[in-house]
Amino acid sequence: MLHAHTVEQVRAAEADLLARLPEGALMQRAAAGLAYAVLDFLGTAYGRRVLLLVGSGDNGGDALYAGALLARRGVQVEAWLLSDAARAAGVDALRAAGGTVLASPPIGQRPHAPASEFRGLVPNRATFDVVVDGIVGIGGRPGLRPEATKALEMLAGIPVVAVDTPSGVDVDTGETDGPHVVADLTVTFGTHKTCHLVDPAARACGAVHLVDIGLDLPDAPVEALQAADVAALLPRPAADAHKYTRGVVGVRAGSATYPGAAVLSVSGAACGLAGMVRYDGDPAALDQVRAAHPEVVGPGRVQAWVVGSGSDAGAEDAVRRSVADDVPLLIDADALAFADLARGRATVLTPHAGELARLLDVERAQVEARMLEHARLAARRYDAVVLLKGRHTVVARPDGQVRVTTTGTPWLATAGAGDVLGGLVGALLAAGLDPFDAASAGSWLHGAAATLAAQDGPIVASDVAAALPVVLGSLVGT
Ligand SMILES: NC(=O)C1=CN([C@@H]2O[C@H](COP(=O)(O)OP(=O)(O)OC[C@H]3O[C@@H](n4cnc5c(N)ncnc54)[C@H](OP(=O)(O)O)[C@@H]3O)[C@@H](O)[C@H]2O)[C@@H](O)CC1
Ligand SMILES: Nc1ncnc2c1ncn2[C@@H]1O[C@H](COP(=O)(O)OP(=O)(O)O)[C@@H](O)[C@H]1O
Ligand SMILES: [K+]
């Protein structure tokens with residue numbers, strides 16, 4: 001499991017460790033990890049040129065000490081101090097190692113002057129191989145001051161390695177309300193933070209590299225399943241299993257207008273994780289479902305219902321009939337409007353941002369800008385697990401616990417992909433996983449299958465379902 005802790009949790013763990021270590025030892029651990037990550041990024045030390053952007057706190061301190069290590073390895077390191085309060089001992093260490101400190105452009109006095117007026121103060125800008133963002137880390141307020149904004153404008157186009165977090169993002173929410181760094185690589189310390197997982201901030205991190213510094217941390221409120229976690233959650237048939245003990249998943253999806261949604265939803269449900277799939281949706285889609293999936297049977301008892309993908313006008317009736325059975329329920333698409341009817345049941349809601357916006361009566365842009373807040377709000381309000389779809393899908397439990405999906409590919413943004421996901425999560429519910437595990441593991445598998453399917457080029461939703469057996473096969477053996 002990958003964990004993302006809050007700033008408060010990191011601060012407390014840091015204080016515990018600091019009390020047990022010699023002064024400066026923790027920052028040296030962080031700086032060493034950072035320096036090696038930058039070297040890795042550069043490929044080689046000699047002839048490389050690195051610019052450090054240094055703010056007033058320990059984030060800038062990390063950059064300076066890492067800069068000193070890089071300078072000793074033969075990298076040409078220059079530091080631009082964005083604050084008069086930059087860590088003096090770090091500046092001395094950098095100078096002692098052969099690094100240099102650039103004269104700070106007087107941006108602070110003329111914050112509205114165009115960046116071009118300060119360009120002369122950063123000689124041979126274009127020859128920097130990397131900019132190290134040590135402006136702010138977990139102590140930063142969201143947004144950037146004009147000095148930092150201008151510096152980044154002047155250095156646009158040069159790869160950026162962010163120290164701990166891309167400066168300017170909101171570390172604990174993953175929101176990006178103001179100007180912020182967009183990094184190619186983020187090197188973080190001790191544990192991940194929410195901004196490394198939750199969009200839009202996660203998009204600004206680039207690749208994320210974690211450096212262990214020995215923090216002793218409590219449970220994290222935000223986490224991300226890894227392959228081994230999903231493998232451990234996957235249901236496996238007992239030796240004496242029969243199809244009913246493995247769980248039966250029922251699908252009420254599709255309509256005369258959208259028969260394909262029934263086929264796709266069933267294709268996710270028929271991934272092999274449940275013992276049987278029943279189709280009890282619009283008869284208009286029945287022939288297509290049967291042709292695509294001869295193993296699917298008709299109405300009867302189930303251990304979980306999947307309701308709503310492409311259900312059109314039949315959505316309300318499908319929810320009412322499903323709620324009448326006291327089994328877990330997945331509610332998608334048109335059926336989300338009737339999610340109230342399932343309150344108090346083991347329920348997974350699977351909205352995309354537009355659907356969640358409608359449910360909460362807010363703008364779609366608000367949901368996209370604050371995914372964590374809105375997924376948690378809906379989970380609390382509906383007393384259900386809410387799976388908010390996106391590049392990094394957010395799965396929230398009513399108590400606020402969150403899992404973020406980090407598998408997937410932008411090729412997955414294709415019509416019907418959500419229908420496959422609904423069926424897949426339904427199969428996991430029928431097999432006995434609790435709604436939070438079913439939703440988060442299903443989302444992980446869905447992303448992994450899409451990535452596999454897209455190896456050879458563009459995909460459509462049925463390719464995702466077709467790739468599921470290979471992904472599952474690679475996990476069940478582990
Ligand atoms: N915790 C750990 O386990 C470890 C932590 N470590 C490192 O310490 C980092 C945290 O350091 P930190 O606490 O000194 O805060 P940090 O983020 O450098 O700067 C905050 C200062 O910046 C300012 N400022 C605020 N907002 C701003 C803005 N938008 N734009 C510009 N400036 C802004 C504000 O000061 P002001 O200028 O307002 O006086 C504020 O006080 C952490 O991310 C990691 O890198 C590692 O060394 C070892 C293990
Ligand atoms: N940029 C992206 N990168 C990766 N996955 C994405 C991206 N955009 C959307 N997705 C995923 O694609 C799927 C789209 O589902 P959905 O919006 O319900 O489409 P549909 O209703 O057509 O089935 C979801 O699983 C979502 O998480
Ligand atoms: K930073």
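Note: hydrogens, waters and symmetry copies are ignored here, and every other heavy atom, side chains too, is used. First listed ligand is number 1; within each ligand, the first listed atom is number 1.
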Shortest reach to [atom] by a heavy atom, considering only [options]:
| atom | options | answer |
| --- | --- | --- |
| atom 16 (P) of ligand 1 | G24, A25, G137 | G137 |
| atom 19 (O) of ligand 1 | G57, G55, A13 | G57 |
| atom 9 (C) of ligand 1 | T165, L34, N59 | N59 |

Backbone N/O of [Y] and side chain of [X]: donor-acceptor pair under 3.5 Å:
| X | Y | value |
| --- | --- | --- |
| H392 | V404 | no |
| H374 | V362 | no |
| R397 | F436 | no |
| S443 | A439 | no |
| D164 | G137 | no |
| Q401 | A220 | yes |
| R370 | E175 | no |
| Y279 | D282 | yes |
| T409 | L412 | no |

Problem set entry | Contacts of type side chain to side chain contact (heavy atoms under 4.5 Å, CB included), residue R391, not counting sequence neighbours | D199, A202, R203
Problem set entry | Protein heavy atom under 4.0 Å of atom 41 (O) of ligand 1 |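 There is no protein heavy atom less than 4.0 Å from atom 41 (O) of ligand 1.
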Can a donor-acceptor pair be found between the side chains of [X] and [Y] at a distance below 3.5 Å?
| X | Y | result |
| --- | --- | --- |
| T188 | K193 | yes |
| T194 | D172 | no |
| D419 | S265 | no |
| S311 | D334 | no |

Check whether any N, O or S atom of [X] sits under 3.4 Å from the K ion (ligand 3).
| X | value |
| --- | --- |
| V163 | yes |
| T186 | no |
| D164 | no |
| V136 | yes |

Give a table of atom pairs where an N or O of ligand 2 lies under 3.5 Å from a protein N or O.
residue	atom	partner	partner atom	Å
ligand 2	12 (O)	L412	O	3.1
ligand 2	15 (O)	G418	N	3.4
ligand 2	18 (O)	K389	NZ	2.7
ligand 2	22 (O)	G416	N	2.8
ligand 2	23 (O)	G416	N	3.1
ligand 2	23 (O)	A417	N	3.2
ligand 2	23 (O)	G418	N	2.7
ligand 2	27 (O)	G390	N	3.2
ligand 2	27 (O)	G390	O	2.9
ligand 2	27 (O)	T393	OG1	3.1

Contacting atoms of ligand 1, where contact means under 4.0 angstrom from a heavy atom of [X]:
| X | result |
| --- | --- |
| V10 | 1 (N), 3 (O) |
| F189 | 45 (O) |
| G140 | 17 (O), 25 (C), 26 (N) |

For this session: Apply the side chain to side chain donor-acceptor pair (under 3.5 Å) test between R87 and each candidate in D58, D92, D62, N59; give the one that qualifies.
Result: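 It is D58; the other options fail the test.
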I need the nearest protein heavy-atom contact for [atom]: residue, atom name and distance, please.
| atom | answer |
| --- | --- |
| atom 26 (N) of ligand 1 | R141 N, 2.9 Å |
| atom 39 (O) of ligand 1 | S56 OG, 4.4 Å |
| atom 47 (O) of ligand 1 | D62 OD1, 2.5 Å |
| atom 5 (C) of ligand 1 | E14 OE2, 3.6 Å |
| atom 30 (N) of ligand 1 | R145 CG, 3.7 Å |
| atom 11 (O) of ligand 1 | D58 CB, 3.2 Å |
| atom 43 (O) of ligand 1 | D164 OD2, 2.6 Å |
| atom 27 (C) of ligand 1 | V136 CG1, 3.6 Å |

For this session: Return yes when atom CZ of F338 has more than 12 non-hydrogen atoms of other residues, nucleotides or ligands closer than 6.0 Å, and no otherwise.
Result: yes
Exercise. Does G60, backbone or side chain, put an N or O under 3.5 Å from an N or O of ligand 1?
Worked result: no
Problem set entry | Contact check: I213 vs ligand 1, nitrogen or oxygen atoms, below 3.5 angstrom |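 By distance alone, the answer is no.
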Can you find a non-hydrogen atom of [X] under 4.0 Å from ligand 1?
| X | result |
| --- | --- |
| A148 | no |
| S83 | no |
| R29 | no |

For this session: Quick one: the OD1 of N59, the K ion (ligand 3), O of D133 angle, rounded to 10°, please.
Result: 80°
Exercise. Salt bridge check: are R141 and D170 linked by an N-O gap of less than 4.0 Å?
Worked result: no
For this session: Inspect the contact between K389 and D332 and indicate whether a charged nitrogen and a carboxylate oxygen are less than 4.0 angstrom apart.
Result: yes
For this session: Hey, can you tell me if H3 and H5 have their rings parallel, tilted or perpendicular (30° and 60° cut-offs)?
Result: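 H3 vs H5 ring planes: tilted.
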Exercise. Where's the contact between I138 and ligand 1, heavy-atom distance under 4.0 Å: side chain, backbone, both or neither?
Worked result: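 It is both backbone and side chain that touch ligand 1.
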